[in-house]
Each structure stands twice: as structure tokens, then as C-alpha cells.
Amino acid sequence: ESTALVPAPVDIANKLRYLFGRNGDYTVADAYQGTSWSVREKLIDSFNKTHEHWKKEDPKFIYYLSAEFLMGRSLINTVYNLGLEGEYAEALNQLGYEMEKVADAERDAALGNGGLGRLAACFLDSMATLDLPGWGYGIRYKYGMFKQALRNGYQVELPDIWLTKGNPWELRRDDVKFEVGFGGRVERRKQGSKEITVWTPSEKVIAQAYDNPIPGFNTPTTSNLRLWDAVPLTEFDLSAFNAGDYDRAMLERERAEGISAVLYPNDSTPEGKELRLKQQYFFVCASLQDVLSRFKAVHGNNFDLLPEKACFQLNDTHPTIAVAELMRLLLDVEGLDWDKVWTITTKCLNYTNHTVMPEALEKWPVKVMAKMLPRHMEIIEVINEGWTKWLGGHLKDLAPEERAKRIAAMSIIHENPWNKEEMLVNMAYLAVVGSSAVNGVAAIHSNIVKDEILNDFYQIFPSKFQNKTNGVTPRRWLAWCNPELASLITDTLGTSEWINDTEKLAGLRAYASDKAFQAKWAAVKKAKKAKLAELIKKVHGDEVNPNALFDIQIKRIHEYKRQYLNVLSIIWRYKQLKKMSPEERKKAVARVCVIGGKAASAYDMAKRIIRLVTAVGDVINKDPETKDYLRLYFLPDYNVSLAETIIPAAELSQHISTAGTEASGTSNMKFQMNGCLIIGTWDGANIEIAEETGIDNVFVFGVRAEEINQLRKERKNLKTDPRWDELMRDIEGGMFGDKDYFKPLVDSVNNMKVGNDWFLLANDFASYLKAQEDVDACYKDQSEWLRRSIMYTAGSGKFSSDRTIREYAEDIWHVTPSRPTA
Ligand SMILES: CCc1ccc([C@H](C)CC(=O)N[C@@H]2O[C@H](CO)[C@@H](O)[C@H](O)[C@H]2O)cc1
């Protein structure tokens, strides 16, 4: 191949000279550009080879439809996955640069909010590494997840202008464009003997494809993430301009570009904005047209074959309009009949649920859907008629009123419980009825999905419901972000095969109590802690005690994730330290507590929680009596690359959601892989992590999911812990200032007249403090702590996204690996 022959240092210099016209005295940002555009060519070679091979083999493909892909940075991951780290590290050294510094010049591709988006990114890495013919499909947001800054301790949101310097990791596909329509009307027309349905949209935009090659690790396979950018049908409306109507000349451009302009920053409550539905339909319509056109190019109109050649995973309800869109394309465009089309559609689609939060389950008003997508609303009505009629037959043995109740409860179109006039389209119900498989993302969550939120459907077709416990890629989240620990593991196990066969990590169990190995293990953690200490110094200007226990909670700010409970325990710890004599304090376990995470821009209570964290930090970090024993820092702008710095340095991580609320969690798995101990509730994947690591090694506390409903009923009569009451008084009394701003926070958990402590912080308070005391006691015995730390990594094999993807491929997608010859 062309570029492979040019030595990297020369190639980097050439890129800088000819791509950027730079002739010497390069900046680190230049070095990043030069290196990326050099690596890009190796990536494209692998991409082309892979797709030539798949073109020849024509294997069955999996298409992962997701409104979010939280990719983070690509340089390090691409260089390491392609096995080029030696060559490029050397090349950069020759040019006087360190790979790590150059990598820091890259902006995160933050095209996602949190767990769901990052999971999609980890899945792409595993699909490529497992040689599975598969693509991701999504939206090329011009502005990704907002940048978070702190102003006087309050969150402020700044636009994420990530594309200004171009993007070396994407290829614009000028030959891949599709029209996407909105609004307009639907009419029946005679065509010969047949009656056809014609939808005439009132608005059209073009979906422009951008390919993002996804390199597998230790394989020649490089797959693809195709993202769609919205552009106007006509570049510029000159006639409007000539008519002096400049605004109208630009109007169509703005309206089109507005569709893929910005990511909605909510990760739990839908805005319910029309633009959100437009975004969802935009990328689904373009993706399905793209897949059908490639299918037809090989198989013509033999659509019965489609389910053998293509299947789709709906990443939560966000792409669920795909049920109606695939129906429309096969009915109206390809002219197939309803039953055949329904069979093909349901065979092709699968749905993953990622949350049980009622407010997160999307329901679109029928009037909004009917106005924006009139043909789809028709199709959804016909689907629902067929479905409720079929239900009527299936439930014929039930008493009429019981049958009617069950059918109404499972109707895809139903009344808005809060406003009876309004009818809603329940996207989760449409996804379940329109899919072959429905899965949750951790064992407990999949049980809650089938036993509670979708129980009616589970009773009708139990075989549809599965569990697929989440996973994370061990490449980015251990091997590349913690190379020091990775090489210690490789040296100890005598192989690096664990990087794509993480079950091999279990071999570390034999060394868990080995003093020499523990010393090496501790040295790595110490070095990574020093890196995080540097970052805290840079952001907050403070030196932190490197021997303190680094206690981390990083995730989106949400009441159910209970960052508030964490802060309460820190305030209590602070007050205990204040009461101690200097001698006693010396015996205390010093802690550096770090909290990070973004609050959805419209989520007021979450923003108050962030302010409480910064206010408490301001007080305790400056307190001369305690500051050597306790610190609290809010690290702003938590994102993928910040996580890659924090997680290797962590010793204790917190996953303290109210049991039954966190579907899985994935940061818990990343911490586990990096030998970080967990304090957590019996929730999500914490449970399976405890099973793999050994329950005694995890600091578990709190009420169980099955107790929640009863405890909520009794919450108003709960006798709260006197320590809790004291803390409530402190905050309300202004101990951390801003008492009026914090009052709603106190009321939400402590004043049953206005709040209801829905997430049961008061119920879990005492057992949480107890668990934290157990943590201190354990930390004092470093050999026990290190034994556990090693057992965490040793028990993390299951939580590789390779295991998760293998299960999806075998149990849902029925796709098999197809590796191009090297
Ligand atoms: C419509 C607004 C919206 C946007 C995103 C979402 C996501 C489903 C929220 C999310 O990211 N859920 C997280 O998904 C992870 C991956 O499966 C899980 O590990 C987390 O537990 C879950 O909260 C819900 C609602």
C-alpha cells in the first residue's frame, strides 16, 4: 500500500508541510494534526480492505442505530488498535514530542450524554475486534455535549464547537446522500389495478454521510460508524436573494442544518421538542434507505432475504420510528404487501431498554407525530389495530372487562394520563411489538423490565425478553488509559492476550496476596494518583495528600444516582474530624473526594447538587484543622478523556443509586478493571461485579429493590437518624452559605410536606455511613486493600464488551465473524 512505505516521522512532516503548509516550528496541536492525518491513511487502508472483503463475502450485517455515540478521542485508540504505537511514539520522539502530550491536543467527539452513548462506542470497538460485519448509524452533531464550566461554583454550559479544526477521523462520502421528508400530506392513488399510497412531504432535507472507520484490535478488521449531517436541498436560494429576501434565501439552509446541529443534553427526561423527533427520524430514514439501497444492489427486490442479510439494534427508544419507516419503505416504495412487510420488519429489528425511569420513556403526542410524519402515524395506527385485534383473540379466555383493560394497557397509542384529551404514541410499546428481541442491560434490570415496566408484554411473548449485561472495551478502559498496569499484568500473566480475552485476568487471583506483586501493583496506583493530583492542582490550585484515599464519584448528576448522599457523608466526616484532637486526626484515614458530572441544562435540582458540592468543598478544603485529612473537589467538564485520567487513579468508586434505579452502570466496570474498590448499593451491574469479585470484597449497603415500594409508602413515618437530622439543620442553617438555594434540596429529602425523599436517601443513610467506616478500616490494612484491588481486576473478565457483543451476536443478531485476510 502507498503510505505504509513512508516512515512515520517523514510522513508526519509531509502532512504538516502539504496539508497545513507549515514549514517547521510546529505547535503540539500541529503535531496532533500531522500525526492524525498520517495515521488516518493506515486506517483507511484497513477500512477499504475490510469492506472489499465483506463486499465479496456478502455476510449478514448488524446495524447499531443510536442517537448517541460518545467516542471521546481517537488518536491513541487508533494507533494502539492498529498496533502502530511503537512506530508513532518513536516518530514523535524524533520530532521532539511525547505521544501523550500530542494526544491531549485532540477534542473529544462528545456525541452523547453518558452511559447509553458510551456503551454504543464500546460496542463498536468490540464488534470490529470480533470481526463482526457491523456498522453504527447516528447523527453527526455539529455541537456535541456542552462543555461544563463552573462560575462561582455553579454549572454553566458552553457550546461544544468540536469541528472547527476539521476531523481527521471522518471521511465525507459525497456519493452517499439521501432525501428525508417531513410534514405534508398522504394520498391514495390508483396505479393500474393497484391503489398506492403517496406521501408528499412539505419539507425536504438531504442527509449527507460521513464515515468514521472503527479499527478492531489485533485484527485487520476496520468497520464503520456512518454519521449523517443535514444539509439543504438547494445550497442557496438565489431567486429569493435576488428578490431581496435574504432571510428566505438562508431560511432553508438554517432549517436543514438545524436538524443535526446540536445534541439534546438530557439523559433521562425527554424535552419532547419536535426537533428531537425530527433528529430521530432524520438519521433513521437515511440509515434505512442506505441499507436497502446496498441490499438491492446485490439482491434486487428479493426482500424476503433481508432478515438474513441485515438486522438492526435499536439503542433505547430513540430510533424506534424505524419500525414505521422500514414498513413505509417496503410498503410504499417497494410496493410489498402488509403482512410480508410486517414479518420482515419484526424479524429485522431488536430493542434494548436502558432505563426504568418512567419520565425517560418517550411518548410522542399523536398530533405532533401526525403533523411531522403523517404516513408513519397512519402506519402506527394500522400496526396498533392489528396488535390490539390480535390481543383480543389471544386473550379471548379473559372476562371482557379484564380483556379490555389488558388491551388498553398494551395499546401503543393511549391517552396521556396527565391530560386525557391528548393521545400519545408509546415508543417503548412500539419497539417491543415491532421487534424480535427485547433486552435489558444487567440481570436485575432485565428482571425489572419483564416483571414490571413491560410485564404485560412479557406475559404475551416471554421468549422475546433477554438480558445482555453491559460491558466496556478493555482496550480503551485498561490497556490504553493505564499502560503501566497493563504491562504489569502482561508481565505477570506472561501474555497480553488478556486484552481481547479478559477471562485470562482471572490468573491474577493467584497473586492477590503476593507481597512483591502487591508492591508493584501499589506503585502503579501511586503513579496514577500523582497524575490526578497534578490535574487537581491545575484545576483547583491545591496540592493534595498523595497518600490519602482517592474516593471518586463520576457520572451524570441525577437525584437517583445520589451524589447528594455522598456529600452528606463527607459533611459528616468533616464534622467528626473537627471534633477530633490533632492526635486523633492523625489516626484518621485521609480522603481526597472527587465528584464530577454534568447536569442536564434544564435539570434544576441536579444543578443545586453541583452547587452544594462546590460550596462544601470551599469550606472544608480551606479548613486548617482538617484540610490534611479531607478534601472535596468538583472536577468540571467530566467527559471520556477526563475519565481516562481519573479512573486509573481511583482507589474507591461510588455507585450508590437507589436499588432498582440504575439499569446497569458501566463506570463501575471501568473502575473494577483498574483495581478500584467499590462502595455501592445492590443495584444494576454492581450485583454481578460483586458476584465475580467476591461479595466480601465489595462495600455493599442499602435497601434492596424489592423493598422500595413499601418503604416509599412508609417514608413519611420514618424515624430519621439523628446524624441525618443534624446535617439537614446544618445545610438549612447556612453552614455552607446559599441556604435559600439549598432549601429545595433539603426539603426534597427531609420535608415530607413538599418532598418525598423518593430515592430514599434517609433510609440508606446509616448503612452507607457504616459501609464508609468499613472502607476506612480496610484501607488501614494496605495488604488487605491491595489483595481486594487485585481481586477486582481479576474478576473483571466478564465485563468486557467483547463478552456482551458475543452474546448479542449469538442470541439476537445471529451474525458470525468475517475477517479479511491480513
Ligand atoms: C430522551 C432523553 C433520554 C436520553 C438518554 C437516555 C438514556 C437511556 C439514559 C442512559 O444513558 N441510560 C444509561 O444507560 C447505560 C448503558 O446501558 C446504563 O449503564 C445506565 O445504568 C443507564 O442509566 C434516556 C432518556
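Computation of the quantities below employed the complete heavy-atom set of this structure, encompassing side-chain atoms and omitting hydrogens, waters and symmetry-equivalent molecules. Start at 1 and go down the list; that is how both ligands and their atoms are numbered.
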Short side-chain to backbone donor-acceptor contact, Arg475 and Ile499, under 3.5 Å:
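Such a contact is found between Arg475 side chain and Ile499 backbone.
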Among Phe283, Phe123, Tyr137, the one residue meeting ring pair (Phe, Tyr, Trp, His ring centres under 6.0 Å) with Tyr63:
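Single ring pair (Phe, Tyr, Trp, His ring centres under 6.0 Å) partner of Tyr63 among Phe283, Phe123, Tyr137: Tyr137.
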Please work out whether any backbone atom (N, CA, C, O) or any side-chain heavy atom from C-beta onward of [X] is under 4.0 Å from ligand 1, and answer side chain, backbone, both or neither.
X	value
His318	side chain
Thr352	neither
Arg276	side chain
Leu116	both

Are any of the side-chain heavy atoms of Arg118 and Phe69 separated by less than 4.5 Å?
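Counting from C-beta outward, Arg118 and Phe69 never come under 4.5 Å.
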Just to be sure I'm reading this right: ignoring hydrogens, which of Glu662, Gln280, Arg118 gets closest to atom 20 (C) of ligand 1? Compare them by their nearest heavy atoms.
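It is Glu662 whose heavy atom sits nearest to atom 20 (C) of ligand 1.
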With respect to atom 19 (O) of ligand 1, which of Gly684, Gly665, Gly115 exhibits the smallest heavy-atom separation?
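Nearest heavy atom to atom 19 (O) of ligand 1 lies in Gly665.
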Would you say Glu68 and ligand 1 have an N/O pair spaced under 3.5 Å apart?
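N/O-N/O distance below 3.5 Å does not exist for this pair.
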Purely on distance, is any nitrogen or oxygen of Thr355 under 3.5 Å from one on ligand 1?
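It does not: no N or O of Thr355 is found under 3.5 Å from an N or O of ligand 1.
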At less than 4.0 angstrom from any non-hydrogen atom of [X], what atoms of ligand 1 do you find?
X	answer
Ala663	21 (O)
Val441	17 (O)
Asp316	8 (C)
Tyr560	23 (O)

Taking the six-membered ring for Trp, are Trp480 and Phe217 closer than 6.0 Å centroid to centroid?
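Yes: the rings meet the under 6.0 Å criterion.
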Kindly determine whether Lys147 and Asp160 satisfy salt bridge (Lys or Arg N to Asp or Glu O under 4.0 Å), including the steps that lead there.
CA-CA 6 Å; Lys147 287 186 73 55; Asp160 171 41; 5.8 Å; no
State whether the number of non-hydrogen atoms from other residues, nucleotides or ligands found under 6.0 Å of Lys142 atom NZ is greater than 12.
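Check fails, neighbour count at 12 or below.
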Parallel, tilted or perpendicular, judged at 30° and 60°: which one describes the rings of Tyr281 and His376?
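Answer is perpendicular, since the angle exceeds 60°.
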Quick one: closest heavy-atom pair of Ser260 and Asp229, and the distance?
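Closest approach of Ser260 to Asp229, heavy atoms only: OG-OD1, 3.1 Å.
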Looking at ligand 1, would Asp267 count as a contact under a 4.0 Å heavy-atom criterion?
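Checking ligand 1 against Asp267, which is what was asked, there is a heavy-atom contact under 4.0 Å.
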Whether Lys464 engages the ring of Phe457 as a cation-pi pair (distance to the six-membered ring centre under 6.0 angstrom, angle to the ring normal within 45°) should be assessed.
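Verdict for Phe457: no cation-pi partner in Lys464.
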